[in-house]
Amino acid sequence: MKKRALFIAFSLSALMTTAMPEKNNPKDTPREMDKFVTELMKKMTVEEKIGQLNLPVTGEITTGQAQSSDVAKKIEQGLVGGLFNLKGVDKIRDVQKLAVEKSRLGIPLLFGMDVVHGYETIFPIPLGLSCSWDMAAIEQSARIAATEASADGISWTFSPMVDISRDPRWGRVSEGNGEDPFLGGAIARAMVLGYQGADLGNQLKHNNEIMACVKHFALYGAGEAGRDYNTVDMSRNRMFNEYLYPYQAAVDAGVGSVMASFNEIDGVPATANKWLMTDVLRKQWGFNGFVVTDFTGIAEMVAHGIGDLQTVSARALNAGVDMDMVSAGFVGTVKKSIDEGKISMETLDTACRRILEAKYKLGLFDNPYKYCDLKRPAREIFTKEHREAARRIAGESFVLLKNGSIHPGSAEPLLPLKKEGTVAVIGPLANTRSNMPGTWSVAARLNDYPSVYEGLKEMMAGKVNITYAKGSNLISDAAYEERATMFGRSLNRDNRTDKEMLDEALKVAAGADVIVAALGESSEMTGESSSRTDLNIPDVQRTLLEALLKTGKPVVLTLFTGRPLTLVWEQENIPAILNVWFGGSEAAYAIGDVLFGDVNPSGKLTMTFPKNVGQIPLFYNHKNTGRPLAEGKWFEKFRSNYLDVDNEPLYPFGYGLSYTTFRYSDITLDKTVMGQDGSVTATVSVTNTGKRDGAEVVQLYIRDLVGSITRPVKELKGFEKVFIKAGESKTISFKITPELLRFYDYDLNHVAEPGDFNIMIGGSSQAVKTARLTLK
């Protein structure tokens, strides 16, 4: 199939970090690599080849004691290909030395880690990061993460996660980039280039570049009922048009590895799905890296019900999976399957070759200690420059959902706050350091990042009196709160009564001019195995918020969340709502920057916020149906709608306010008819009509009005984040080619069909201007 082109209205550039690249010896031609690997494999036993496919969990290894660990014997026997989530360059060097000096062939190990949105300098959770719509910033976040991780011995990251999801009940939406495949593809590319290097022909050649692993292949975000690990069942047409593109974009960007997803596809678990792993990934897309399972993915296929461990291990290897994470299915059963003729030596050799080639591309055969410079951590981890970048990028990720008047009847907006008087920071998320980084920040210094209260107090010293009260626990149910604050993220549940905590908060609020209510989810209420059916702000927090509102003081809801929440009451009643997601290690300072106006918010939603859970799945690029409800209508019998709520979201995809306002001109097309080998330029003028400088995300959507199969009501096909000074106008142009109009037809041909198209440009998926284009 023809590959889709990435149309991105900005350039991606390699951004400098504090690391000093150290180039390897140039032995990187395919011919030299093939020759080296072939000669090495001639020396390997069957057991050693199988060992390269084994990725066990490290366990606890203390510096200087690697040889006494449980995994040490397996490494010495050549039965381990890599390890993951071992932190510390000194420990990693010890283990690498064991592999290089104690095993028969001295094959170096891969060292992987879940470096998902930063290493020790933590950036916003990926969903928040995506709301920046700033590909240069996203690439820089991955570049800094690669620099820090590589300085600490890591050569491989299990990132980016690019699963498209339209269901905010699923906890792992926090790790993804939202609901749109075009934006998801752009982010996938930016992340891979950040981790592996921006020069596609010269990736992984420096000691501050690490191998990326795009995950979870495929369709993991479409699990039924929003429940983790759950079944996925959809047509192949929908797969290709709505879900697969971000994975392909990562492959096109040179990603070195792919992780199989837990879910089944067409009744076959992805980990054993040959159509997915071989026909699509390798034959159609040309992927030449290796495929690794997710944690115990092979063993879990026994519970799926497709065979015992030997059977599912053979099915995975025959399907095109190369490395087994934790299950020990390959090292435990593949030799037997080969002896019984269930796996060919050719299949084993192919998988082994892919792992060895990855190590070769990383330069580990040339220098097994490439990532083991003991002097780098102090120089390159959690540096001032990295933290400054994280603070700036966090500020870009926040989405201003509402900014009403400071007082009833006043025309003055509540935000930004004045740097004077007293501001009360109230809420269970107001003074918790460990929750600031967000979920999947495994290398974070959990207690070294300031809380909101601490950050604002430090920033506003001598200007604003910052006071604090917890106000409530996270949730009334203590057992639920314990489930929602795992992995060292406890909020230290307060044993006072709800009334005692509320009374204290109201006393603090009474002495304040403005209330900043830090409420929402804890960091571990999203992430893996953190699905929810109720997406309201938790019960005791709503009670607290209602009480704070009754004080008559202006209230800013500073919302912590890893997913879209249902905020109808809050939108109707709270004057200002700033969604800060989980902004990372520098989040407290970035929140202060935005609340007090040093930074003008520019984030735009990449996932639709529903009005209630019953609307889910709710997404902007839906189909029209044969009985669509007219725009602005509700209720109409025998139309596609509900009895109890309209079809509209609370906040649509692409939505986000600013401290200024922007006006769009009508769209100008340089021509209205385009041939199959032609192009059209669509242009708008965007004017900053407010009093503050600001950045606007200009979004291009296209609708195919008539197709051989039904088409979405609109699809994102371009965007540009542009900075415009107050009172100024800028002209924004998008080049539209037939490539942008392509889709997969009924037979999965990638086609641009002649006909009429609506070209839409605006500041969100709902606020657009429209022009008509015809493709001949």
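Computed from a predicted model, the values in this text were never measured in an experiment.
Judged purely by atom type and a 3.5 angstrom limit, Arg563 uses its side chain to pair as donor or acceptor with the backbone of Pro168. No donor-acceptor pair under 3.5 Å is formed between the side chain of Glu636 and the backbone N or O of Leu629. For Asp294 (side chain) and Phe262 (main-chain N/O), no donor-acceptor pair under 3.5 Å exists by modelled atom type. Put simply, the side chain of His117 gets close to the backbone of Phe123: a donor and an acceptor are under 3.5 Å apart. Of the possible polar contacts, one joining the Tyr620 side chain to the Leu716 backbone as a donor-acceptor pair under 3.5 Å is found. With Arg639 contributing its side chain and Pro628 its backbone, the two residues share a donor-acceptor pair below 3.5 Å. In this structure, the side chain of Gln615 engages the main chain of Asp646 through a donor-acceptor pair within 3.5 Å. Gln248 places no side-chain N or O within donor-acceptor distance of the main-chain N or O of Trp285, the cut-off being under 3.5 Å. Counting only distance, with no hydrogens or angles, the side chain of Lys215 and the backbone of Asp163 share no donor-acceptor pair below 3.5 Å. The backbone N or O of Ser397 sits nowhere less than 3.5 Å from a side-chain atom of Ser132 that would complete a donor-acceptor pair.
Screening Phe240, Tyr744, Tyr245 against His750 for a ring pair (Phe, Tyr, Trp, His ring centres under 6.0 Å) leaves a single residue, Tyr744. When each of Lys604, Met760, Lys714, Glu715 is tested with Ser765 by the rule side-chain contact (heavy atoms from CB on, under 4.5 Å), just one qualifies, namely Lys714. Partner Arg772 forms a side-chain contact (heavy atoms from CB on, under 4.5 Å) with one of Ile759, Leu705, Ile667 and no other, that one being Leu705.
Judged by a 6.0 Å distance limit and a 45° cone about the ring axis, Arg711 is positioned over the six-membered ring of Phe743.
Minimum interatomic distance between Thr561 and Ile125 (heavy atoms only, all atoms of both residues): O-CD1, 3.9 Å. For the pair Ala682 and Leu669, the tightest heavy-atom approach, listed with the atom from each and the gap, is CB-CD2, 3.5 Å. Considering all non-hydrogen atoms of both residues, Ser174 and Thr439 come closest at OG-CG2, 3.5 Å. Taking all atoms of both residues into account, the shortest heavy-atom contact from Met239 to Asp266 is CE-OD1, 4.1 Å.
Here the CG-CD distance, from Asp114 to Glu175, works out to 8.0 Å after rounding to the nearest 0.5 Å. Distance check: Leu775 CG to Gln676 CD gives 4.5 Å after rounding to the nearest 0.5 Å. Distance check: Ser733 OG to Leu700 CG gives 11.0 Å after rounding to the nearest 0.5 Å.
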Side chain to side chain donor-acceptor pair (under 3.5 Å) between Asp745 and Ser708, worked out:
CA-CA 7 Å; Asp745 67 11; Ser708 58; 5.3 Å; no

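The neighbour count for Lys633 NZ, taken as heavy atoms of other residues, nucleotides or ligands under 6.0 Å away, does not exceed 12. More than 12 heavy atoms of other shown residues, nucleotides or ligands fall within 6.0 angstrom of atom CZ in Arg282. Around CZ of Arg663, the count of heavy atoms belonging to other residues, nucleotides or ligands within 6.0 Å does not exceed 12.
Under the 4.5 Å side-chain criterion, counting only non-hydrogen atoms from C-beta, Gln196 is in contact with Val255. Using a 4.5 Å cut-off on side-chain heavy atoms (C-beta onward), Pro601 and Tyr659 make contact. At a threshold of 4.5 Å between non-hydrogen side-chain atoms, the residues Lys730 and Glu696 do not count as touching. Within the 4.5 Å cutoff, the side chain of Phe662 has no heavy atoms near those of the Thr689 side chain. Between Val768 and Tyr664, every side-chain heavy-atom pair lies at or beyond the 4.5 Å cut-off. Between Asn612 and Val568 the shortest side-chain heavy-atom distance does not fall below 4.5 Å.
With respect to the salt-bridge test (charged N to carboxylate O, under 4.0 angstrom), the residues Glu396 and Lys721 qualify. With respect to the salt-bridge test (charged N to carboxylate O, under 4.0 angstrom), the residues Lys611 and Glu648 do not qualify.
In this pair, Tyr220 and Trp170 present their aromatic rings perpendicular. The plane angle is above 60°, beyond the 30 to 60° band.
Looking at Ser658 and Asn600, their side chains do bring a donor and an acceptor atom within 3.5 Å of each other.
In summary, the aromatic rings of Tyr655 and Phe609 are positioned with their centroids too far apart to meet the 6.0 Å limit. Aromatic pair Phe653/Trp133: centroids less than 6.0 angstrom apart.
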